[in-house]
J.: 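Following this message is one structure expressed as structure tokens.
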There are 2 protein chains.
Amino acid sequence: MNTYTIAEVSKKYDLPISTLRYYEEIGLLPHVARNGKNRLYDQANLDRLAAICCFKDTGMTLKELQTLFKYEDQDHDLDEVIDLLQTHCNRVADQLVLLKENQRHIRRKLQYYTDIWSAQVNHQPHPDWDDYPLSRFE
Amino acid sequence: MNTYTIAEVSKKYDLPISTLRYYEEIGLLPHVARNGKNRLYDQANLDRLAAICCFKDTGMTLKELQTLFKYEDQDHDLDEVIDLLQTHCNRVADQLVLLKENQRHIRRKLQYYTDIWSAQVNHQPHPDWDDYPLSRFE
DNA sequence: CTAGCACCTCAAGTATACTTGAGGTAAAGT
DNA sequence: ACTTTACCTCAAGTATACTTGAGGTGCTAG
């Protein structure tokens, strides 16, 4: 089966080498094979790493990830894994709603400032914040 | 005009009192009025706080927020504010794409584990991960 | 009048998630 | 033979974003 050096994995997942070693050290990325002292990552390792990135990027802490994988790796307490996943799934749904909402605010602000800039350049009157309802930025 | 005590603001924005003081200390939340020693927040303060939360929740660092508001407060370098907002706007768009993608992965995993659980309860065969294509979770 | 609550300051401490540095090995290129 | 490259370990250091604690003020309720 195909294996990868730590440098290759680092590039593939855009994570520093030190981070890969760190994840292994804290038990998130177990069973990394060795060629002498050098790490060799296989597909299972990469899959785990992809999962780590996915959960981490959606706001799960490393501690929670440890819990999640501890259950997974030991193949028991399925209820608790499901519970954690369900909770996280809900959090992600909330994040999505909030992110979209915040995006509207940011776009509004950007549009407003951009219009101020244009107005200055063209010697036009300064735009009015009240003319920028959130609904315009959906 | 209406004003609010620090405790009220803390509740309204679900931020610890210590955090409100901290934001003020690092200059993110300037011009907070005082009644003797006690802080009194007005609408402008709340608007600023809402902006802080919005940007912070979308991944802007406090340092970037300081930059953003420094420009805003001093009413110059409009280009740089716009640049920062534009950059952030793009980051948020990327986040949204990534978050949706990650959500699919998480939902898939949750569904898979839930089905394992059901299978165990009903003494049915164990589900197969290959039957859970990402496309099922859009 | 005194007790308690809500607030204050300022310095020091903490959690999370890494990163850096010192010192070393092992194989490949020149 | 030597040196560069690519790794390694282990302990200590760092950045970010707060939090906590000690010690104090000032109004209000009993």
Side-chain angles (χ1 to χ4, degrees), chain A residues 3-42 45-46 48-70 84 88 91 95 102, chain B residues 3-42 45-46 48-70 84 88 91 95 102:
Chain A
T3 56
Y4 307 83
T5 66
I6 197 166
E8 285 162 354
V9 177
S10 168
K11 274 212 173 166
K12 224 174 152 86
Y13 287 83
D14 195 29
L15 288 171
I17 287 178
S18 60
T19 302
L20 294 173
R21 289 202 274 247
Y22 174 65
Y23 286 169
E24 191 178 341
E25 189 192 328
I26 63 171
L28 278 186
L29 198 46
H31 316 305
V32 177
R34 301 294 179 116
N35 171 20
K37 291 205 141 198
N38 294 19
R39 288 165 177 84
L40 279 182
Y41 295 82
D42 63 14
N45 297 140
L46 298 191
R48 168 62 62 94
L49 196 52
I52 292 172
C53 292
C54 171
F55 285 108
K56 204 181 58 91
D57 288 348
T58 50
M60 202 178 254
T61 65
L62 299 189
K63 206 171 205 169
E64 286 173 316
L65 274 163
Q66 283 173 330
T67 305
L68 180 64
F69 291 135
K70 197 185 68 192
L84 192 52
H88 191 60
R91 285 197 308 215
Q95 271 181 59
N102 283 334
Chain B
T3 58
Y4 306 84
T5 66
I6 197 165
E8 286 162 354
V9 176
S10 168
K11 272 211 172 165
K12 225 174 152 83
Y13 287 82
D14 195 29
L15 290 171
I17 288 178
S18 60
T19 302
L20 295 173
R21 290 202 273 248
Y22 174 66
Y23 286 168
E24 192 179 341
E25 189 191 328
I26 62 171
L28 278 187
L29 199 45
H31 317 306
V32 177
R34 300 293 179 117
N35 172 19
K37 291 205 140 198
N38 294 20
R39 288 166 178 83
L40 280 182
Y41 295 82
D42 63 14
N45 298 140
L46 298 190
R48 168 61 63 93
L49 195 52
I52 292 171
C53 293
C54 170
F55 285 108
K56 204 181 56 92
D57 288 348
T58 51
M60 204 178 251
T61 66
L62 299 189
K63 206 170 205 172
E64 287 174 315
L65 274 162
Q66 283 173 329
T67 305
L68 180 64
F69 291 135
K70 196 186 68 192
L84 191 52
H88 190 61
R91 283 198 308 215
Q95 271 180 59
N102 283 333

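Heavy-atom basis, side chains included; hydrogens, waters and symmetry copies ignored. The chains referred to below are lettered A, B, ... by the order of the sequence lines, with proteins before strands, and numbering in each begins at 1.
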J.: Just to be sure I understand the rule, does A:Ile6 reach a base, reach only the sugar-phosphate, or reach nothing, if contact means heavy atoms closer than 4.0 Å?
T.: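 Answer is sugar-phosphate: A:Ile6 comes under 4.0 Å of backbone atoms only.
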J.: Please check the phosphate of D:dC27 (OP1 and OP2 only) for any side-chain N or O of B:Lys37 closer than 4.0 Å.
T.: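 For D:dC27, neither OP1 nor OP2 has a side-chain N or O of B:Lys37 closer than 4.0 Å.
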J.: Contact class for A:Thr19 (heavy atom, under 4.0 Å): base, sugar-phosphate, or nothing?
T.: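 Sugar-phosphate contact only.
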J.: Atom CD of A:Glu24 and atom P of D:dC7: how far apart are they, to the nearest Å?
T.: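 Computing the A:Glu24:CD to D:dC7:P distance gives 14 Å.
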J.: In whole angstroms, how far is the P atom of C:dT16 from the OH atom of A:Tyr23?
T.: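 The answer, rounded to whole Å, is 14 Å.
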J.: Quick one: does A:Thr3's side chain have a donor or acceptor within less than 3.5 Å of a partner on A:Tyr41's backbone?
T.: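 No, because the side chain of A:Thr3 does not come within donor-acceptor range (under 3.5 Å) of the backbone of A:Tyr41.
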J.: For B:Arg21 and A:Arg21, find the nucleotide of DNA chain C closest to each by heavy atoms; which residue's nucleotide sits nearer the 5' end?
T.: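 Closer to the 5' end of DNA chain C: B:Arg21.
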J.: Take the protein atom CG of B:Asn35 and the nucleotide atom C1' of C:dA6, then report the distance between them rounded to whole Å.
T.: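 Nearest whole value for this atom pair: 12 Å.
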J.: Among D:dC7, C:dT19, D:dA17, which nucleotide sits nearest the side chain of B:Leu62?
T.: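 Of the candidates, D:dA17 comes closest.
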J.: Quick one: B:Leu20 CG to C:dT9 C1', roughly how many Å, whole number?
T.: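 Answer to the nearest Å: 16 Å.
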J.: Could you tell me how the ring of A:Phe55 sits relative to the ring of A:Phe69: parallel (under 30°), tilted (30 to 60°) or perpendicular (over 60°)?
T.: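 The arrangement is perpendicular - the two ring planes meet at more than 60°.
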J.: Indicate yes or no: at least one non-hydrogen side-chain atom of A:Thr58 is less than 4.5 angstrom from one of A:Arg91.
T.: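 The answer is no; the side chains never approach within 4.5 Å.
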J.: Rounded to whole Å, please give me the gap between CG in B:Asn38 and P in D:dG24.
T.: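 Value for this atom pair: 18 Å.
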J.: Would you confirm whether A:Tyr13, through its side chain, and A:Leu46, through its main-chain N or O, come within 3.5 Å as a donor-acceptor pair?
T.: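 A pair under 3.5 Å: yes.
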J.: Choosing from C:dT16, C:dC7, D:dC7, which nucleotide comes nearest the side chain of A:Lys63?
T.: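 Nucleotide nearest to A:Lys63's side chain: C:dT16.
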J.: In whole angstrom, give the distance that lies between atom CD of A:Glu25 and atom P of C:dA17.
T.: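 Going from CD in A:Glu25 over to P in C:dA17 covers 14 Å.
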J.: How long is the line joining CD of B:Glu64 and P of D:dT16, in whole Å?
T.: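 That distance rounds to 10 Å.
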J.: State whether B:Arg39 places a side-chain N or O below 4.0 Å from either non-bridging phosphate oxygen (OP1 or OP2) of C:dC7.
T.: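 It does not, given that no N or O in the side chain of B:Arg39 lies less than 4.0 Å from OP1 or OP2 of C:dC7.
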J.: Quick check: does any side chain N or O of A:Gln66 sit under 3.5 Å from a backbone N or O of A:Ile26, one acting as donor and the other as acceptor?
T.: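 Yes, A:Gln66 side chain to A:Ile26 backbone: donor-acceptor pair under 3.5 Å.
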J.: Whole angstrom is fine here: how far is it from OH in A:Tyr22 over to P in C:dA15?
T.: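 Whole-Å distance recorded here is 13 Å.
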J.: Using a cut-off of less than 4.0 Å, is there contact between a side-chain N or O of B:Arg34 and OP1 or OP2 of D:dG26?
T.: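 Answer no for this pair, as no side-chain N or O of B:Arg34 is under 4.0 Å from OP1 or OP2.
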J.: Taking for each residue the nucleotide of DNA chain D bearing the nearest heavy atom, is the 5' side occupied by B:Pro16 or by A:Ile17?
T.: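 In this pair, the answer is A:Ile17.
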